[in-house]
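Heavy atoms only: backbone and side chains are in, while hydrogens, waters and symmetry mates are out.
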Amino acid sequence: MEKALWYLLAGMRGGENRARIIRALIERPRNANQLSDVLGVEYNTVRYHLDLLVEHDVVEKGEESYGTMYFLTDRFEQHREQFEEILTKMD
């Protein structure tokens, strides 16, 4: 998970938005539209980043429906300290 987090946050463009999405999901589960509103980022951009986070097992989708909710995975929660540490090294 640590390698995936480094890749997603520091290894490619858009890491700041992905970090912001993760922070928003730490507060509470949200759907893509809610994330777009809260973060002030275009909906399609949020969806792109969510797809990457899902692909790397950081985020998981709830039940597939209109307004699908996104949650942090248990695997991410076990590595949350590494997430925080990576963010401090990125500043």
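Ring geometry for F83 against F76 counts as perpendicular: the plane angle is over 60°, on a 0 to 90° scale with 30° as the lower cut.
Looking at heavy atoms from C-beta onward, L25 lies in side-chain contact with I21 at the 4.5 angstrom threshold. The side-chain heavy atoms of L39 and N17, taken from C-beta on, include no pair separated by under 4.5 Å. A heavy-atom distance below 4.5 Å is found between the side chains of V41 and R20.
Y7 is connected to M90 through a chain of hydrophobic side-chain contacts under 4.5 Å among Ile, Leu, Val, Met, Phe, Trp and Tyr, so both are in one cluster.
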Begin from the C-alpha positions of T73 and V54 and carry the test side chain to side chain contact (heavy atoms under 4.5 Å, CB included) through to its verdict.
CA-CA 9 Å; T73 63; V54 167; over 6 Å; no

Go through the steps for H56 and L5 under the test side chain to side chain contact (heavy atoms under 4.5 Å, CB included), then give the verdict.
CA-CA 9 Å; H56 288 87; L5 289 172; over 6 Å; no

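Shortest non-hydrogen contact noted between L87 and A19 is CD2-CB, 3.8 Å. Residues L35 and A24 share a closest heavy-atom pair of CD2-CB, 3.6 Å.
Listed for the R30 side chain is no donor-acceptor partner under 3.5 Å among the backbone atoms of M69. At distances below 3.5 Å, not a single donor-acceptor pair connects side-chain atoms of T68 with backbone N or O atoms of K61.
For the atom pair CG of D37 and CG of N33, the computed distance is 5.0 Å after rounding to the nearest 0.5 Å. The OG1 atom of T45 lies 6.0 Å from the NE2 atom of H49; values are rounded to the nearest 0.5 Å. With rounding to the nearest 0.5 angstrom, the NE2 atom of H79 is 6.5 Å from the CZ atom of R75. To the nearest 0.5 Å, atom CG of residue L72 and atom CZ of residue R28 are 13.0 Å apart. Atoms CZ and CD1, on R80 and I22 in that order, are 10.5 Å from each other to the nearest 0.5 Å. A distance of 12.5 Å separates CD in E60 from CG in L53, rounded to the nearest 0.5 Å.
Exactly one of V58, L52, V59 qualifies for a side chain to side chain contact (heavy atoms under 4.5 Å, CB included) with R18. That residue is L52.
Within 6.0 Å of atom CD in E77, more than 12 heavy atoms from other residues, nucleotides or ligands are found, so the atom counts as buried in its surroundings.
Applying the side chain to side chain contact (heavy atoms under 4.5 Å, CB included) criterion to D51, with sequence neighbours excluded, gives R47.
The pair E84-K89 does not meet the salt-bridge criterion, since no charged nitrogen lies less than 4.0 angstrom from a carboxylate oxygen.
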